[in-house]
Student: 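I have a structure here, written as C-alpha cells, and I will follow up with some questions on it.
Reckoned from all heavy atoms, side chains included, excluding hydrogens, waters and symmetry mates.
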Amino acid sequence: MLDAIGFKSIHIYEESHCEFGAPWTTLIAFKDVETRKRWYRSPAAVELDLSRRILPTKDGKTSLRYFDGATMKSYQMPSRAFEDNYCHQQDKPEECAEKVRFGNVEEVNVSSAYSPVFERHFA
C-alpha cells in the first residue's frame with residue numbers, strides 16, 4: 001500500500017533496547033530509494049556519523065544511551081516472523097519461492113518496496 005503512494009524503500013524493525021517491557025515494531029518508509037543505502041550502512045559508518053553529528057556529554061561520553069552502530073545493524077535484519085507473514089499473502093510474492101528463501105539464488109526480483117525476504121537474505 002505505501003509503495004502505491006510513492007514510497008520506494010520500506011523497512012520494519014523491532015526495538016527492544018529501550019526497556020519498554022516488550023519489543024516495539026516500527027515501520028520506516030523512504031520516498032527516495034537512495035536513502036536505502038544509508039539504512040544499510042555498516043556499524044562503523046554509523047558510529048562515524050554519530051561521532052560527527054551528535055554532541056558528547058560534559059564528561060565526554062556519548063549522549064545516546066540506546067543507539068549505536070551495532071544497534072542499527074540489528075534494525076537492518078527483520079525477524080523471521082515478518083518474512084513468514086509476508087510470504088503468506090494470497091498473491092504470494094515472487095521472492096517467497098522456496099528456492100529463493102532457502103536455496104542458492106544470488107539475484108531476486110523484488111515485487112514491492114517492502115520485502116523482508118530481500119532484507120533477510122540479500123541486503
Student: If every non-hydrogen atom of Ala70 is compared with every non-hydrogen atom of Pro43, which pair is closest and at what distance?
Tutor: N-CB, 4.1 Å
Student: Considering all heavy atoms of both residues, which atom of Ile12 and which atom of Phe82 are nearest to each other, and what is their separation?
Tutor: CD1-CE2, 3.4 Å
Student: For Asp91, enumerate each residue passing the side-chain hydrogen bond (donor to acceptor under 3.5 Å, both in side chains) test, keeping only those at least two apart in sequence or located in another chain.
Tutor: none
Student: To the closest 0.5 Å, what do you measure between CG (Asp32) and NZ (Lys37)?
Tutor: 9.5 Å
Student: Would you mind listing every side-chain hydrogen bond (donor to acceptor under 3.5 Å, both in side chains) that reaches into residues 46-55, with sequence neighbours excluded?
Tutor: Arg41-Asp49
Student: With rounding to the nearest 0.5 Å, note down the distance linking OG in Ser42 to NZ in Lys73.
Tutor: 8.0 Å
Student: Quick one: are Val46 and Leu50 in side-chain contact, heavy atoms under 4.5 Å?
Tutor: yes
Student: With Trp39, which residues qualify under side chain to side chain contact (heavy atoms under 4.5 Å, CB included), at least two apart?
Tutor: His11, Tyr13, Ile28, Phe30, Met72, Tyr75, Gln76
Student: Are the side chains of Ile5 and Phe7 in touch, meaning some heavy atoms are under 4.5 Å apart?
Tutor: yes
Student: Using the test side chain to side chain contact (heavy atoms under 4.5 Å, CB included), find all partners of Leu55 that sit at least two apart in sequence or belong to another chain.
Tutor: none
Student: State plainly whether one hydrophobic cluster holds both Tyr66 and Ile54, where clusters connect Ile, Leu, Val, Met, Phe, Trp and Tyr through side-chain heavy atoms under 4.5 angstrom apart.
Tutor: no
Student: Ring pair (Phe, Tyr, Trp, His ring centres under 6.0 Å) with Phe67: which residues, sequence neighbours excluded?
Tutor: none
Student: Rounded to the nearest 0.5 Å, what separates atom NZ in Lys58 from atom OG in Ser63?
Tutor: 13.0 Å
Student: Which pair of heavy atoms, one from Thr62 and one from Thr57, lies closest together, and at what distance?
Tutor: O-CG2, 3.9 Å
Student: Once side-chain hydrogen bond (donor to acceptor under 3.5 Å, both in side chains) is applied, do any residues pair with Lys61, and if so which ones, sequence neighbours excluded?
Tutor: none
